[in-house]
Amino acid sequence: MSSRRTETGGRIDRLRTIRFTFDGAPYTGHAGDTLASALLASGVTLFGRSFKYHRPRGLLAAGVEEPNALVTVLRGDVREPNVPATMVEIYDGLVAVSQNRSPSLAWDISAINQLGGKILSAGFYYKTFMGPVIGPLKGTRFWMFCEHFIRRAAGLGRAGVAPDTSRYERMNAFCDVLVVGSGPAGLMAAKAAADQGARVILADLEARFGGSANWSGETIDGAPAAEWAGRIVGQLEGNDNVRLLPRTTVWGYYDGNTLAALERVTDHKEVPAKGEPRQRYWAIRARTVVLATGSFERPLVFPGNDRPGVMLAHAAERYANEYGVLPGARIAVFTNNDSAYRSAVALKKAGAAVVAIVDVRRDVSSEMSRLASEAEAELLAGHAVVATEGGKALTGLKVQRFDLTNGALSGDERSIHADCLAMSGGWSPTIHLASQAGAKAEWDPGRQAFLPPQPTQRWIGAGAFTGSFSTAEAIAEGRAAGLQAAGGSASPAPLPVVEAAPGDPDPAPVFEIKAKGKSFVDFQHDVTAEDVRLAHREGFVSVEHLKRYTTLGMATDQGKSSNVPGLAIMAEALGKPIPEVGTTRFRPPYTAVSIGSLAAERFGDLKPERLTPMHDWHIDNGATMYSAGLWYRPMIYGLAGETVEQAYVREARATRESAGIVDVSTLGKIAVQGPDAAEFLDRVYTNMFSTLAVGKARYGLMLREDGLAFDDGTTWRLGEQEFLMTTTTANAGKVMQHLEYFLDVIWPELKVTVTSVTDEWAGAAIGGPKARAILAACVTGTAVDNATLPFMGIVRGEIAGVPVMICRLSFSGEMAFEVYSGAGYGTRVWEALIEAGKPFGLVTYGLEALGTMRIEKGHVTGAEIDGRTTARDLHLDWMLSKKKPFIGSAMMDREGLISPERLQLVGLISLDNRPFNGGAHIVEELDEENPHDSIGHITACCYSPALGKYIALALVKDGKARHGTRAFVSDPLRSRSGPIEIVSNHFYDPDGSRMHG
């Protein structure tokens, strides 16, 4: 391979040589190179293999839109697949490998797929693997046979299995103006806003600010555009009110002008500096956003347009001007617009021979003819490329006369020898973020492109993003956008003067050259023009269905290069104009986002950890923790050598004999306040709360609108207009949504506010025969005797100098009290209670003991309130008020909800003294060979220290009538069956004497 590096030019540091490997072979490049430019400089033309046909593919683009040259970057055993080589900055020691090939990139055995022809056309996956109707592989068996091979072939890069040891960070930022994109429009917008005193963030996905100014070859205010851009960046760096974020992709636009961004902090470094993360996730909340995201050049669709050596014209120009790399020695240009002529001149100046400019337009302006002469290129107006030649590199192309009015080809084919073909099919504004922000894109027939929609949030567009493709227009729009975003007035200062090549930005409406051979629309997924027409013939006329049926614009591409050509071909097949066919809505993320950056500091977690205020105390004192809903909670406080069962039996027995304490900070807590708070609670709960006295609590039940049980808990009346509602731990968020919905949508006239205060309170429940004595030993400022603190009463006092609120209520069935304090004082109060309880034999207990005691008592939780049960099923019909309507009251008496055959809550006792399993079925007749006729299932189970037996709660058909009868548990998957007795769900202290005593 010969070097294609130019002797001079480019914005690379030729004095710094960098060594890296690609597919195990050593290469060198210079500081400022991307992996793509460095390999291209070394003469590499083959970068990857396509997804379906495994066709050889080279570089198409020079930026984030690159669909072909996807590589896997290796850092030790950690793999990062599907990274565009155009976005990988080389560094010493970089190791990258190609993808989707075996055994090598040059010799890929799966390239045999190219012989598949129409068998592998659009939708082949759906049509092929339905299976033959006869033979041993009938029906789904054929699919099951093929599945193993399909899964091995699926995807592009291969994900790694080694843990990622990199560190990630998360940042929140607030600004007056966020500018996305740092081309001439973005730079001017940022400067104009900053000069007005606005707090500005300027983000660009490239390593170097300036955008097209870095490679356009234009002059601005008499200086090269790149120098002008560098000067503006220097001025911005000196402003305290400006934050510059290079290598930062703004990938999501959400409600409230909140945008998500990913900063690649050290991906370009061999070794991060001390304390540096690999990547940083930004959540940016901006008053106004300026979108200056530029545009993408589109490919033309013609036979052989995917051959290595065929690339976009602006990409070829950028490699020459920014990286000092010639994409070929003999370059041909194929275009439907004027912008490619500037590229031809730039390539000629860089040292390439531009052998021909092929333009589908017969009438080419005199300015373009002059540029063609300056490039010393033969101008073939009214012609089109109809084929390319070569294998793993381009060797030539064929052209033919082309009629712009009807797309017809005529005359003899002519061969042109070239090792690079630079094509330009027009430009598509990068409207992804604007589309995410809301509203539909608008078609511009002149630009032959979708322009941004009308803003539905506070954003302003500038530059090529709006369809203004000249640098002079971009600068003017950028300054205006920055001033408007910052609330300033028009600036009297003159705009920078731009010297640029002439050109009309409007392309000819030509997207496809119809000739013999495969013409690719989506290079990454091997979607051809014929695939699009096939989708139309098979009835997939919606653009969303087209996308999914053909895979057009999926994966890393997301329609960046393939969207408009595909829509144009579909529109022609439908006989409709492109705007009538429409476009798919762009969704976040704009580019791939690492899961590590989203998790950020919570490295190693699959979901966030919610920790109670006493979490560290639990860990320090031997608790075994586990995830319960959204929280980490103690399971047991095990002693040496104890099993889980032995530990929770000991904890539960000790609580019933003396006293126990449990962390209940996780209970949902919602402040309900306002003049109509009591009326609101009457409507929300099935029982009455407006009659509740101040300083008292009441147990309440909520139903859904369909009459099924939703949640239960206690609500405390702290004042005439102030209540504290508690919910189950798992349903805290759902109940909050439920309340907000009814206040916002159904009863907006009610003067009520609801506020989640779950995290504001730490809670400890202390229960058992000696619980009151323990409280009396440490509470000051109030008595806790029965007269002062009766059942469901509330008092306020202090423990260890900390204000606390105490309510006498019980979940364990024992006399018990819930003690709430501010979250920041939770551990202090907890430790004071434990110290006071030592003389009384107080034990700490976890969720297993808590669950045991609640099962013994027959209390329900989410295991029984499972979205299918009613109040009557759970024997809570005594809570259904007959004096008022409430949510669900209109639907709770439907025939199906009052059927006598419904599942009802019962208790079970194991008669073979073996443990139960949750979810096991109950049957009247045991048939281990053919389990059938379930009459119910177990919801919760444990060993009961109070009864000395294994017990369970269950939902059983006609359960109340079965008390005292026998049946069987049937659990074939866990090999458990045996006799049981069905009893009341109230196993222990059914009259509540211990709780009220």
Side-chain angles (χ1 to χ4, degrees), residues 628-630 668 684-687 699-713 727-739 741-742 811 851 854-855 857-881 885-908 916-924 931-942 951-963 965 967-974 980 982-986:
L630 298 175
V684 168
Y685 281 120
T686 63
N687 49 332
Y699 178 57
L701 176 69
M702 295 182 193
L703 304 185
R704 300 188 319 212
E705 288 182 283
D706 59 6
L708 294 174
F710 175 47
D711 195 67
D712 70 334
T727 74
T728 57
T729 295
N731 267 358
K734 293 179 182 178
V735 171
M736 186 68 185
Q737 291 174 338
H738 181 74
L739 301 181
Y741 167 77
F742 277 92
F811 188 67
R854 80 94 179 171
I855 294 170
K857 190 61 181 172
H859 289 159
V860 296
T861 65
E864 292 76 39
I865 305 177
D866 63 359
R868 298 173 293 179
T869 52
T870 68
R872 294 182 180 92
D873 299 337
L874 303 175
H875 311 307
L876 297 175
D877 43 314
W878 58 274
M879 300 182 68
L880 302 176
S881 175
F886 48 83
I887 297 171
S889 61
M891 303 288 281
M892 68 181 185
D893 293 328
R894 287 178 292 160
E895 182 179 355
L897 299 187
I898 59 175
S899 168
E901 294 190 354
R902 285 187 60 81
L903 302 183
Q904 294 178 332
L905 183 65
V906 299
L908 305 179
F916 290 123
N917 294 314
H921 284 270
I922 312 303
V923 295
E924 293 179 300
H932 62 282
D933 293 337
S934 170
I935 61 170
H937 61 276
I938 292 175
T939 59
C941 51
C942 68
I951 63 173
L953 294 178
L955 291 167
V956 173
K957 187 183 298 183
D958 197 20
K960 198 167 186 178
R962 295 179 185 269
H963 288 184
T965 66
F968 299 90
V969 62
S970 178
D971 191 0
L973 290 179
R974 289 172 286 195
I980 59 170
I982 299 176
V983 298
S984 166
N985 57 299
H986 300 298

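Contact check on K957 versus E924 returns no salt bridge, with no Lys/Arg side-chain nitrogen under 4.0 Å from an Asp/Glu carboxylate oxygen.
Side-chain contact between L880 and F886 is present, with heavy atoms from C-beta onward closer than 4.5 Å. When side chains are defined from C-beta on, T861 does not count as touching T728, because their heavy atoms never get closer than 4.5 Å. Side-chain atoms of L908 and V969, non-hydrogen and from C-beta on, never get closer than 4.5 Å to each other. Counting only heavy atoms from C-beta outward, the side chains of F742 and I887 approach each other to under 4.5 Å. Looking at heavy atoms from C-beta onward, V923 lies out of side-chain contact with D933 at the 4.5 angstrom threshold. With a 4.5 Å cut-off on side-chain heavy atoms, N687 and W878 do not count as touching. At least one side-chain heavy atom of L708 sits less than 4.5 Å from a side-chain heavy atom of L897. Contact check for T686 versus M892: no side-chain heavy atoms found under the 4.5 Å cut-off.
How far CG of D866 is from CG of L955: 6.5 Å, rounded to the nearest 0.5 Å. Atom OH of residue Y685 and atom CE of residue M879 lie 8.5 Å apart, to the nearest 0.5 angstrom. Summarising the geometry, atom CD1 belonging to I938 is positioned 7.5 Å from atom CG belonging to D971; distances are rounded to the nearest 0.5 Å. Here the straight-line distance linking atom NE2 of H921 with atom OG of S970 works out to 8.0 Å at 0.5 Å rounding. Interatomic distance, CG of L903 versus NE2 of H937, reported as 6.5 Å (0.5 Å rounding). L905 contributes atom CG, which lies 6.5 Å from atom OG1 of T939 (distance to the nearest 0.5 angstrom).
Taking both residues in full, the closest heavy atoms of A940 and I855 are given as CB-CD1, 3.8 Å, listed atom of the first, atom of the second, then distance. Contact between A967 and I982 at its shortest, heavy atoms only, is CB-CD1, 4.2 Å. Pairing each heavy atom of F916 with each of A952, the nearest pair is CD1-CB, 3.6 Å. Across T729 and A628, no two heavy atoms sit closer than the pair CG2-O, 4.5 Å. Of all heavy-atom pairs spanning P885 and S889, the tightest one is CA-OG, 3.8 Å. Annotation for L701 and A871: closest pair CD2-CB, 3.6 Å, computed over non-hydrogen atoms.
Judged by distance alone, the side chain of H859 and the main-chain N or O of F811 form a donor-acceptor pair under 3.5 Å. A distance-only check finds no donor-acceptor pair linking the side chain of D877 to the backbone of R872 [under 3.5 Å]. Between the side chain of D873 and the backbone N or O of R902, no donor-acceptor pair lies under 3.5 Å. Here the side chain of T869 pairs a donor or acceptor atom with the backbone of E864 at under 3.5 angstrom.
For R894, the CZ atom counts as densely surrounded, since its 6.0 Å shell holds more than 12 non-hydrogen atoms of other residues, nucleotides or ligands.
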TODO: I would like to know whether N731 and I865 meet side-chain contact (heavy atoms from CB on, under 4.5 Å); could you show each step before the answer?
DONE: CA-CA 11 Å; N731 267 358; I865 305 177; 5.6 Å; no

TODO: Run the numbers on I951 and C942 for side-chain contact (heavy atoms from CB on, under 4.5 Å), then give the verdict.
DONE: CA-CA 6 Å; I951 63 173; C942 68; 3.9 Å; yes

Open item on the list: Pair E705, M891 - check side-chain contact (heavy atoms from CB on, under 4.5 Å), show working.
Closed with: CA-CA 7 Å; E705 288 182 283; M891 303 288 281; 5.9 Å; no

Open item on the list: Could you go through L953 and R854, starting from their C-alpha distance and side-chain angles, then the distance that decides it, and tell me whether this counts as side-chain contact (heavy atoms from CB on, under 4.5 Å)?
Closed with: CA-CA 10 Å; L953 294 178; R854 80 94 179 171; 3.4 Å; yes

